[in-house]
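In what follows, every chain begins at residue 1, and chains take the letters A, B, ... in the order their sequences are listed.
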Number of protein chains: 2
Amino acid sequence: MSKCEQCIVRQFNSLKALTKEELLRISACKTSRIIKKGEVIFEEGESLNGIFCIKDGVCKLTKLSANGKDQIIKLVEKGQILGQRSLISDERTNLRATALNDMELCFIPKAEIINDLKKNNNFTMDILKNMADDLREADDVIVNMAQKSVRQRLAEALLDIDENFGTNPDGTLSVLLSREDFASIVGTATESVIRVLSQFKKEGFISTIGKYIKIEDIEGLRRVE
Amino acid sequence: MSKCEQCIVRQFNSLKALTKEELLRISACKTSRIIKKGEVIFEEGESLNGIFCIKDGVCKLTKLSANGKDQIIKLVEKGQILGQRSLISDERTNLRATALNDMELCFIPKAEIINDLKKNNNFTMDILKNMADDLREADDVIVNMAQKSVRQRLAEALLDIDENFGTNPDGTLSVLLSREDFASIVGTATESVIRVLSQFKKEGFISTIGKYIKIEDIEGLRRVE
DNA sequence: ACTAAAACATGATAAATATCATATTTAAAT
DNA sequence: ATTTAAATATGATATTTATCATGTTTTAGT
């Protein structure tokens with residue numbers, strides 16, 4: 001099994017704040033997992049015994065609403081860590097994580113991480129900074145949900161995915177989402193997403209290649225009102 | 001000036017994790033401020049040089065949306081701390097704080113708190129736990145905004161205020177908000193809030209005494225669909 | 001390659017909510 | 001106490017979005 005010390009992914013998350021010795025210990029007790037597209041990594045309300053470091057792939061974090069619909073709260077990709085919030089609060093997860101493509105994860109047991117949190121203040125501070133960023137992002141999402149139209153929210157979702165997850169060689173968005181997934185990000189009905197995407201196509205903002213979406217006029221999308 | 005060690009308010013926030021010596025240092029450099037109802041404590045985009053500990057009163061945290069409307073993200077009351085997110089991210093504030101009634105605040109300079117964060121891991125962990133809780137709450141708000149009706153969101157806002165801020169001796173909600181404030185919590189037009197409140201009144205869920213709202217049928221409000 | 005199921009698409013309609021207009025009430029200032 | 005401004009209230013209407021129905025295309029499995 002590969003060692004955490006040499007793992008490139010670590011550079012992108014809080015684990016970079018750990019010392020060599022700490023990484024060695026973690027490396028010794030971590031377990032690797034392969035998750036297929038569509039599989040659930042953890043359920044909402046599950047108690048996790050550790051955190052996941054995403055070595056490859058993208059997943060969605062969703063919360064089930066009272067009306068039975070899933071809401072996508074966040075997309076998480078390679079390099080990021082899953083489950084830190086419930087680890088810190090010592091609570092069951094408040095979100096479900098589902099793989100959007102094939103993924104490779106490292107699972108690090110709770111005891112090991114808690115130990116590092118207590119002893120390595122740099123590590124704690126780094127996690128804290130991450131969480132502060134997540135919180136700011138969440139505030140932005142709240143305002144968008146409350147104040148913007150479906151059309152605006154969908155335009156922003158496309159821009160967001162383009163910016164944060166990039167594109168394939170042909171220019172299409174690299175994260176492949178169903179119309180239903182988009183509806184679940186935007187907080188609307190699937191039919192509404194389909195309609196608005198059709199409009200965007202007519203207006204020349206996007207084009208589609210199969211299920212893939214390509215942004216054709218990024219400025220146009222930014223100007224959507 | 002009173003000392004932090006003896007301040008009751010401290011029991012409710014992360015400052016409780018500080019040692020006696022740390023508290024003495026903070027006590028020596030803190031400044032006290034009185035803020036009148038309606039006054040702005042800090043603006044969105046302002047750079048804070050410290051944090052505020054709320055000794056008395058309630059304030060709203062708002063964010064200006066692109067359409068010019070304010071969105072209330074959170075109400076914060078006595079015992080809680082303001083400005084910790086921007087302190088930790090070392091960024092300008094992402095929210096504006098406005099007093100909802102007369103307030104008393106203690107301002108603690110950045111350098112002092114940063115120092116404690118670096119040295120006292122219990123303090124850091126406590127802030128981290130707080131932030132993890134805030135994040136979970138924010139996730140819930142996102143789902144509500146995305147999936148629930150104005151009627152449901154307003155009912156929940158009333159229940160929330162009742163639960164977290166309590167009532168006056170006559171049973172009315174102790175935090176006095178304008179219809180516009182409610183609109184800004186729920187993410188809707190002021191007229192819509194007024195209409196729904198009128199419905200709630202007709203349905204016997206609430207009554208009003210002047211501007212004050214009294215919950216008459218808490219179970220009814222909980223059942224609102 | 002064929003079939004069934006899922007995803008996508010679009011129209012028709014209903015429901016929710018926003019906007020505009022205009023009273024009425026309440027609070028604030030002189 | 002009187003005036004003025006702000007907040008609350010309600011109706012009429014427009015807009016946005018959801019829901020239901022139905023058809024088409026794509027995907028997955030045999």
Look at [X] and [N] and indicate whether a side-chain polar atom (N or O) is within less than 4.0 Å of OP1 or OP2.
| X | N | result |
| --- | --- | --- |
| A/K211 | C/dA7 | no |
| B/S192 | C/dA18 | yes |
| A/S198 | C/dT10 | yes |
| B/S149 | C/dA16 | no |
| B/R179 | D/dA9 | yes |
| B/K148 | C/dA16 | no |

Side chain of A/A189 - closest among D/dA18, C/dA9, D/dG11: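 Of all the options, the side chain of A/A189 is nearest to D/dA18.
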Looking at the side chain of B/V150, which of C/dT17, D/dA12, D/dT19 is the nearest nucleotide? C/dT17
In whole angstroms, how far is the [atom2] atom of [N] from the [atom1] atom of [X]?
| X | N | atom1 | atom2 | answer |
| --- | --- | --- | --- | --- |
| B/E225 | C/dA16 | CD | C1' | 15 Å |
| A/F182 | D/dT17 | CZ | C1' | 19 Å |
| B/L177 | D/dA7 | CG | P | 13 Å |
| A/E180 | D/dA18 | CD | P | 14 Å |
| A/K69 | D/dT17 | NZ | P | 13 Å |
| A/Q152 | C/dA18 | CD | P | 14 Å |
| A/R153 | D/dT17 | CZ | C1' | 10 Å |
| B/R195 | C/dC20 | CZ | C1' | 11 Å |

May I ask you to check whether [X] and [Y] show a side-chain donor-acceptor distance below 3.5 Å?
| X | Y | answer |
| --- | --- | --- |
| B/N144 | B/E156 | yes |
| B/S149 | B/R153 | no |
| B/E180 | B/T190 | no |

5'-most contact on DNA chain D: B/E191 or A/T188, nearest heavy atom basis? B/E191
Evaluate whether atom NZ of A/K110 has more than 12 neighbouring non-hydrogen atoms of other residues, nucleotides or ligands under 6.0 angstrom away.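 For A/K110, atom NZ is crowded (more than 12 foreign heavy atoms under 6.0 Å).
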Under a 3.5 Å distance rule, please check whether B/S27 uses its side chain to pair with a backbone N or O of B/C4 as donor and acceptor. yes
